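To keep things clear, I will list the structure first and then write my remarks on it.
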Amino acid sequence: MNKNPAESTMELTKLSPPQIIFGTEVDEKNSSEQFLLSMYDSVQASIFVVDVLEDGDFQYVALNPTHERWIGIRSDDLRGKKPEDILSPIDAARVRQHYADCVLFGKTISYEQCLQFQGVTTWWSTTLTPLRDVNSRIYRLIGTSSNITPVKQAQEAVGLQVEREQLLEAIAGRIHQSVELETILHQTTIELRQFLNCDRILIYRFQPDGSGVIVAASVAASDSLLGKNIIDPCFSGKHPEHYGQGCIQVVEDIYAAGLHPYHIDFLASLQTRANVVVPIFQEQDMWGLLIAHHCQESRQWQQAETGLLKQLATQIGIAVKQAELRQQLKDLKAEIELQKQKHKNQLQQVRNFEALVRRMTEQIRDRLDEAQVLQTVTQELTELLKLERCQIELYSPCQTLVTIAYEYSINLPQCRELTRQIADRLEVYQPLLQKQPLQFLEIAPGWQPNLLVMSQMACPIFDTQGILGNLWLTRPSQEAFDEFEIELVQQVANECAIAIRQTQLYQQTQTQVKELENCDRLKNQFLRNLSQELRTPITSISLAVQTLESVLTPAEILEIEIVPQLLQILHNECARESKLINDLLKLTYLEAEPEPPTLIAIDLQSWLQPIVESFRDLTNCQRQQLKLSIDRALPPLETDITDMERIITELLNHVCKYTPAGESVTVSTHLRGDAVELNISNSGLELTSNELSRIFEPFYHLSKHDPWKHSGTGLELALVQKMVRHLGGSIYVESGAGQTTFIIKFPL
């Protein structure tokens, strides 16, 4: 091979590796060549030689001893190999590109690159110099490299520190700007995952019941866990104490960290290979966890990375506290505004009631007819309290009957002169006869396009001589009457008692006057008694004014706040009684001769799923598994949609009620011959033969099996049985092997 004249000073010497590398014979007496050869062996910079083959490929020729020490590869082992033989595919492609650039440009080039030799990552600063033959073809590349790994590591450390400070500064800025907590958490997970270059960042918040939910997540793939409840099977043991002491969990490889097998399985189910878990504290309470996941392979977490996670956990705790304080302030402002408006409304109501009581007193004083006074009261109360109807009913002398004597109604049917037997509604009239106000919810009578539930209140009309009647108020909504309104209405009821009693006294007086016209002494005595009685309205007015003054004091107003709790109890019990009445009416209707059902063809595949899914939240809350299996070959089923939905809903309510935590509720449909079979079953419950024989009896309860202590009317399963039969189907129950199944069959 002809050599470049620039290289003619070198001669090939077979016994010296550097001479072989340069490919020329070297005169041992020539001191300059010997000096170059000695530099090849002794310089601290690494030198490597690459041949450019005829086909444009590259292969290594040799390394000097310095390069051998740095990369751990002997020159003899390298000779004749190509980049792919000693480097990873990615690194080999990068190296080839540099070699190709040097050949393409035909001049010395310099560059920096990161390579891995035998699993060790090293940064190099390299200069490539091309060698030409007599034909000016580049046949060899001489490379010199310096190991700049320490410099690069220092630069990376500085860069990471800057990024760390920027990340902490960003979240601190969002907290300072009072950004919404959800936005802070979401943005933090995104930026932290990019900084750590990991697969998943999660923020896990603990719930009051000990469970938890993912409130923020950033993932590399599409397996977001946001909003999911995740329960670590090992968390209920030592972990709360561990995290509660401010410790963090650093796992570089779940299979080599000595974790409990359950914990390993749990992390593996999340496709996690390495993780870091840092507690988030809100003051002294542990609010949640900041979690970093590495999924594909093990990872050696750096101290700077765990330190950053701890700092961010502290910042998140500050953000959580600030969000809580901001919400408390918002709620406080709303509550203050609500109280101000309520107080304003109450003052206006007091003024209105004062005017009403004053007018009633004037009318009573002027001895107007009772009918005119009480009829005016019903109208003015309806307008004042925005009622649908106001009634005054009076007891018979023996207190076995009540008659609606006065009424004012907006839209409801007139009921004046209607008489009721007290025994028919003893649960209502017992407290009223004991002079106790009563209120409850009631369904509006008559046909309505939509079910209309109204709030009803009754205030007894009485005086020191006994009970006279009741003042009924009907509000066209489910809004309850508060204690303040009850007190004001009771004052009006007291005035009504005065008017009624005065009328009775006046009638009695007239009778006595006719009987005792010839007896002046008795007449005078009667007039004196009448005068004493006429002082009663003035006394009542004085007491009413004092009562109003006491109501206006702040302390008395604050005492009203306990009323909503008591009213809620009345709401719940009235709703339960209303449902019982409706169920009894439905059961009675089905036991008589009901009209044939309205049949409509439905596709169970699309119709049944949303009904079952509506119980998903309930089963999740009770830690039950809800399963649905529908045979795709089912033909359309002709049935009454309303009754069918009621059947499914009542059975699912019953099954969920008696299913213990950790067990499953399963709904399945199959085609059995010429009938569609619907199965609703639950595990964890097995009934005795006596319980199976009585399960469809009205008011029969499986109370000892109820883990959730639910209440019910006791008519649900009896109704289900009646409705299934009304639709032409059959229902029965099987129980065994720790499972109970309701089986319903509808012929096609």
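Start at 1 with the first residue, then count along the sequence. No experiment lies behind these values; they were computed from the predicted model shown.
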side-chain contact (heavy atoms from CB on, under 4.5 Å) partner of [X], the single match among [options]:
{"X": "Val667", "options": "Asn679, Ile648, Leu678", "result": "Leu678"}
{"X": "His654", "options": "Val720, Ile680, Ile695", "result": "Ile695"}
{"X": "Leu290", "options": "Ile248, Leu192, Leu202", "result": "Leu192"}
{"X": "Thr598", "options": "Asp640, Thr642, Asp643", "result": "Asp640"}

Checking [X] side chain against [Y] main chain: does a donor-acceptor pair fall under 3.5 Å?
{"X": "Tyr204", "Y": "Gly212", "answer": "yes"}
{"X": "Arg200", "Y": "Gln271", "answer": "no"}
{"X": "Thr272", "Y": "Ala268", "answer": "no"}
{"X": "Ser683", "Y": "Ser664", "answer": "yes"}
{"X": "Glu677", "Y": "Thr669", "answer": "no"}
{"X": "Gln439", "Y": "Phe481", "answer": "yes"}
{"X": "Glu650", "Y": "Ile647", "answer": "no"}
{"X": "Ser269", "Y": "Phe266", "answer": "yes"}
{"X": "Trp301", "Y": "Val251", "answer": "yes"}
{"X": "Glu393", "Y": "Trp472", "answer": "no"}

Nearest-0.5 Å distance, [atom1] of residue [X] to [atom2] of residue [Y]:
{"X": "Glu734", "Y": "Ser681", "atom1": "CD", "atom2": "OG", "value": "10.5 Å"}
{"X": "Ile291", "Y": "Ile214", "atom1": "CD1", "atom2": "CD1", "value": "5.5 Å"}
{"X": "Leu181", "Y": "Gln327", "atom1": "CG", "atom2": "CD", "value": "10.5 Å"}
{"X": "Leu267", "Y": "Ile254", "atom1": "CG", "atom2": "CD1", "value": "5.5 Å"}
{"X": "Leu634", "Y": "Leu604", "atom1": "CG", "atom2": "CG", "value": "6.0 Å"}
{"X": "Tyr429", "Y": "Gln399", "atom1": "OH", "atom2": "CD", "value": "12.0 Å"}

Closest non-hydrogen atom pair, [X] against [Y]:
{"X": "Glu645", "Y": "Trp607", "answer": "N-CH2, 3.8 Å"}
{"X": "Gln421", "Y": "Thr400", "answer": "OE1-O, 3.7 Å"}
{"X": "Leu685", "Y": "Ser735", "answer": "O-OG, 4.1 Å"}
{"X": "Cys656", "Y": "Phe615", "answer": "SG-CD2, 4.3 Å"}
{"X": "Cys198", "Y": "His293", "answer": "CB-O, 3.5 Å"}
{"X": "Met457", "Y": "Ile486", "answer": "SD-CG1, 3.4 Å"}

task = Answer yes when Lys627 and Glu613 have at least one side-chain N-carboxylate O distance shorter than 4.0 Å, and no when they do not.
result = no
request  = Considering only NZ, NE, NH1 and NH2 on the basic side and carboxylate oxygens on the acidic side, decide whether Arg475 and Glu485 come within less than 4.0 Å.
outcome  =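 The answer is yes: the pair qualifies as a salt bridge.
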request  = Please report the C-alpha distance between Glu180 and Lys330 in whole Å, then the side-chain angles of each, then the deciding distance to 0.1 Å, and finally whether the salt bridge (charged side-chain N to carboxylate O under 4.0 Å, His left out) criterion is met.
outcome  = CA-CA 13 Å; Glu180 291 294 331; Lys330 182 179 178 181; over 6 Å; no
Are side-chain heavy atoms of [X] and [Y] found at a separation under 4.5 Å?
{"X": "Ile316", "Y": "Leu185", "result": "yes"}
{"X": "Leu626", "Y": "Leu618", "result": "no"}
{"X": "Ile731", "Y": "Arg725", "result": "no"}
{"X": "Cys295", "Y": "Arg273", "result": "no"}
{"X": "Ile422", "Y": "Leu401", "result": "no"}
{"X": "Glu388", "Y": "Asn411", "result": "yes"}
{"X": "Asn682", "Y": "Glu663", "result": "no"}
{"X": "Gln609", "Y": "Leu628", "result": "yes"}

task = Take Phe206 and Asp285 through the test side chain to side chain contact (heavy atoms under 4.5 Å, CB included) and record every step on the way to the result.
result = CA-CA 11 Å; Phe206 292 112; Asp285 299 326; over 6 Å; no
request  = Look at atom CZ of Arg205 and say whether more than 12 heavy atoms of other residues, nucleotides or ligands are closer to it than 6.0 Å.
outcome  = no
ask   = More than 12 heavy atoms of other residues, nucleotides or ligands under 6.0 Å from CD of Glu182: is that the case?
value = no
task = Given side chain to side chain contact (heavy atoms under 4.5 Å, CB included), test Ile203 with Leu289 step by step and report yes or no.
result = CA-CA 6 Å; Ile203 296 179; Leu289 301 173; over 6 Å; no
message = Between Gln328 and Asp331, does the side chain to side chain contact (heavy atoms under 4.5 Å, CB included) criterion hold? Intermediate values first, please.
response = CA-CA 5 Å; Gln328 289 177 355; Asp331 294 342; 5.7 Å; no
ask   = Checking side chain to side chain contact (heavy atoms under 4.5 Å, CB included) for the pair Gln478/Leu441: CA distance, chi angles, key distance, verdict?
value = CA-CA 7 Å; Gln478 298 185 36; Leu441 296 180; 4.0 Å; yes
query = Taking it one step at a time, do Ser218 and Arg193 satisfy side-chain hydrogen bond (donor to acceptor under 3.5 Å, both in side chains)?
reply = CA-CA 7 Å; Ser218 176; Arg193 188 180 66 80; 2.9 Å; yes
